[in-house]
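First comes the structure, then the notes that go with it.
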Amino acid sequence: MRKEVELGTGGRVVIPVEMREALELQPGERLVLTLKDGRLELTTRRAILRKLHGSLAKDDGKDLTAELLDERREEAEAKGW
């Protein structure tokens, strides 16, 4: 989906209703702006957290925290703790 919008007074930009609905944006929701390669990207914090959570999961579905805890538990058992 692509829309053209006009930069308003004070640098304000209105996100078209179709895009707000597609992203399920609500008034007061925190958004993140990123300037990258001459482009301005607007992302929801929700999307960033989802992406971050997905990057921490391994292909086998086991997350890194659980793996670390398992390793520490095995080390403690090997030392007789």
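None of these values were measured; they are calculated from a predicted model. The chain is numbered in sequence order, starting from 1. Hydrogens, waters and symmetry mates play no part in the numbers below; they use all other heavy atoms, side chains included.
Under a hydrophobic-cluster definition in which Ile, Leu, Val, Met, Phe, Trp and Tyr are linked whenever side-chain heavy atoms come within less than 4.5 Å, directly or via other members, Leu23 and Leu40 are assigned to the same cluster. Both Leu33 and Leu25 are members of a single hydrophobic cluster when ILVMFWY side chains are connected at heavy-atom separations under 4.5 Å. Hydrophobic clustering, with ILVMFWY side chains joined whenever heavy atoms are under 4.5 angstrom apart, groups Met19 together with Leu42.
In this structure, Gln26 and Thr44 have side chains that are not in contact, with every pair of non-hydrogen atoms separated by 4.5 Å or more.
Nearest heavy-atom pair across Leu31 and Ile15 is CD1-CD1, 4.2 Å.
Residue-environment remark: CZ (Arg45) stays at or below the threshold of 12 foreign heavy atoms within 6.0 Å. Counting heavy-atom neighbours within 6.0 Å of Glu6 CD, excluding the residue itself, gives a total of 12 or less. Crowding of Glu24 atom CD: a count of heavy atoms from other residues, nucleotides or ligands under 6.0 Å not exceeding 12.
Rounded to the nearest 0.5 Å, atoms CG (Leu69) and CD (Glu74) are 11.5 Å apart.
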- Message: For Glu29 and Arg46: C-alpha separation, side-chain torsions, deciding distance, then whether side chain to side chain contact (heavy atoms under 4.5 Å, CB included) applies.
- Response: CA-CA 9 Å; Glu29 185 161 359; Arg46 229 178 323 118; 2.5 Å; yes

- Item | Steps toward side chain to side chain contact (heavy atoms under 4.5 Å, CB included) verdict (Arg12, Val5) | CA-CA 10 Å; Arg12 288 184 170 86; Val5 296; over 6 Å; no

